[in-house]
Amino acid sequence: DKGNHRHFMEKEIHEQPEVISHTLAHYLDFANGTTRKLDLPFDFNGIERLAISACGTAYLAGLVGKYWFERYARLPVDIDIASEFRYREMPLSARDAALFISQSGETADTLASLRYCRKAGMTIGAVVNVRESTIARESDVVLPTLAGPEIGVASTKAFTCQLSVLASLAVRAAAERGKISAEEEKALVRGLSETPRYTNQALQKVERQIEKLARELSHYKHVLYLGRDTNFPLAMEGALKLKEISYIHAEGYAAGELKHGPIALIDEKMPVVVIAPHDRIFEKTVSNMQEVAARGGRIILITDEKGAANATVETMDTIVMPDVPEIISPIVYALPIQLLAYYTAVFMGTDVDQPRNLAKSVTVE
Ligand code: M6R
């Protein structure tokens, strides 16, 4: 049931504050400001590496997870596209753990990777949305996302719930590995607990502006997305979302890679979406935007108040997001990129919930 919404995707975008809240409550004890103890079949202190693999949007959630596990828990993470992981014959250690991320829990390549790791004797965790799925059944521990059924082929609420699980796990791992103090854990949990409020605020603040912008964007043939750090996976997610539902060609790049190739594409016909909250590397992204502007590229900047004030470039549009704690930034910034893809597809008149050639769950290899 779509309720008052035109599409399931629109409904699912708007459900995010609520389902993120449910998901976080499963992993965090808000009253005490701590992560919950999980009944894991491995010990975060006993493993040397964590291998994550998944497909599509779930893979991009895993890529954000890598930044978090390495930054907060100092735990090295290998992250792979599942269809590469299962064939590339890398060394695996039975002492380590593997984590698979899947909304449906039925994706063929992700499942095959899981079985591959099982054979190697690794301990297996699964971040899944469908509790009764094959991937859930075959793993040693299920780390559920509580997103509820996701109907739209384009993944939205499952993605932000996957991020919520991974962020909570990274903080838990950091605490168990003694990499953060009790005070730091409290501060991170406090930051995470504010995600529902900020995602809600973001929807209120930017949705109408993005709808207008999308009308303009729907006239272009190509769009480039740029971001650094956790906004790099988000840039790829923005591009994936746009291409899959609007059929506009889009690419996501690490902003620092611009001058190693994609800059050759920049002209007035190439809008560039830059995802850049005012963080410690913001100035680096500003210089990338200047390179784009100098070549006539049209910039759509998604940032916060401070970023907007310090951007010093002319933009086609600037979307000003609420000021959010660093750890939840990729979760909150996922919303404007979902909205941008959604409204662009609406203006293109495509079948938003059932894009051509795609299936919700890819059960063939
Ligand atoms: O069910 P899964 O999470 O395993 O699916 C993985 C991908 O097929 C999926 O995320 C796909 O990329 C989405 N259509 C993206 O919006």
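Side-chain atoms are counted along with the backbone in the values below, which use heavy atoms only and exclude waters and symmetry mates. Here the structure is a predicted model, which means the values were calculated and not measured. When a ligand or atom number is given, it counts from 1 through the structure's own listing order.
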*Asks:* Taking only heavy atoms of A58 into account, list the atoms of ligand 1 that are under 4.0 Å away from them.
*Replies:*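 Selected atoms, number and element: 3 (O), 10 (O).
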*Asks:* Taking atom CD of E18 as the centre, report whether more than 12 heavy atoms of other residues, nucleotides or ligands fall under 6.0 Å from it.
*Replies:* no
*Asks:* May I ask you to identify the nearest protein heavy atom to atom 8 (O) of ligand 1, giving residue, atom name and distance to one decimal place in Å?
*Replies:*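 Its nearest protein heavy-atom neighbour is V362 CG2, 4.1 Å.
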*Asks:* Of all the non-hydrogen atoms in the protein, which one sits nearest to atom 3 (O) of ligand 1, and at what distance?
*Replies:* Q103 N, 2.6 Å
*Asks:* With a 4.0 Å cut-off on N to O distance, would you call R298 and E268 a salt bridge?
*Replies:* no
*Asks:* What I want to find out is whether K2 reaches E12 closely enough, with some N-O distance under 4.0 Å, to be called a salt bridge.
*Replies:* no
*Asks:* Starting from atom 6 (C) of ligand 1, locate the nearest protein heavy atom and write down its residue, its atom name and how far away it is, to 0.1 Å.
*Replies:*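 For this ligand atom, the closest protein heavy atom is C55 O, 3.3 Å.
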*Asks:* What protein heavy atom lies closest to atom 1 (O) of ligand 1? Include the residue and the distance to one decimal.
*Replies:*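 Looking only at protein heavy atoms, the one closest to atom 1 (O) of ligand 1 is S104 OG, 2.7 Å.
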*Asks:* Could you tell me which atoms of ligand 1, counted from 1 in the order shown, lie closer than 4.0 angstrom to a heavy atom of A154?
*Replies:* 16 (O)
*Asks:* Hey, which atoms in ligand 1 end up nearer than 4.0 Å to a heavy atom of K241?
*Replies:*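 By the 4.0 Å cutoff, the relevant atoms are 15 (C), 16 (O).
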*Asks:* Regarding ligand 1, does Q162 bring an N or O atom to under 3.5 Å of one of the ligand's N or O atoms?
*Replies:*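 Q162 vs ligand 1: no N/O contact under 3.5 Å.
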*Asks:* Flag yes if more than 12 heavy atoms outside N4 fall under 6.0 Å of its CG atom; otherwise flag no.
*Replies:* no
*Asks:* Identify the protein heavy atom lying closest to atom 5 (O) of ligand 1, giving its residue, its atom name and the separation to 0.1 Å.
*Replies:* T107 OG1, 3.5 Å
*Asks:* Give a yes or no on whether a salt bridge exists between D323 and K306, defined as a side-chain N under 4.0 angstrom from a carboxylate O.
*Replies:* no
*Asks:* Do V189 and E185 have side-chain heavy atoms sitting under 4.5 Å apart?
*Replies:* yes
*Asks:* May I ask you to decide if the ring planes of F44 and F42 are parallel, tilted or perpendicular, using 30° and 60° as cut-offs?
*Replies:* perpendicular
*Asks:* Tell me the protein heavy atom at minimum distance from atom 11 (C) of ligand 1, and give that distance in Å.
*Replies:*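 Protein heavy atom with the smallest distance to atom 11 (C) of ligand 1: T57 N, 4.2 Å.
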*Asks:* Is the shortest side-chain N to carboxylate O distance from E70 to R74 below 4.0 Å?
*Replies:*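 Judged by the 4.0 Å cut-off on N to carboxylate O distance, E70 and R74 do not form a salt bridge.
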*Asks:* Which residue and non-hydrogen atom of the protein lie closest to atom 16 (O) of ligand 1, and at what distance in Å?
*Replies:* E244 OE2, 2.3 Å
*Asks:* Below the 3.5 angstrom mark, is there an N/O of V153, backbone or side chain, next to an N/O of ligand 1?
*Replies:*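 Min N/O separation from ligand 1 is below 3.5 Å for V153.
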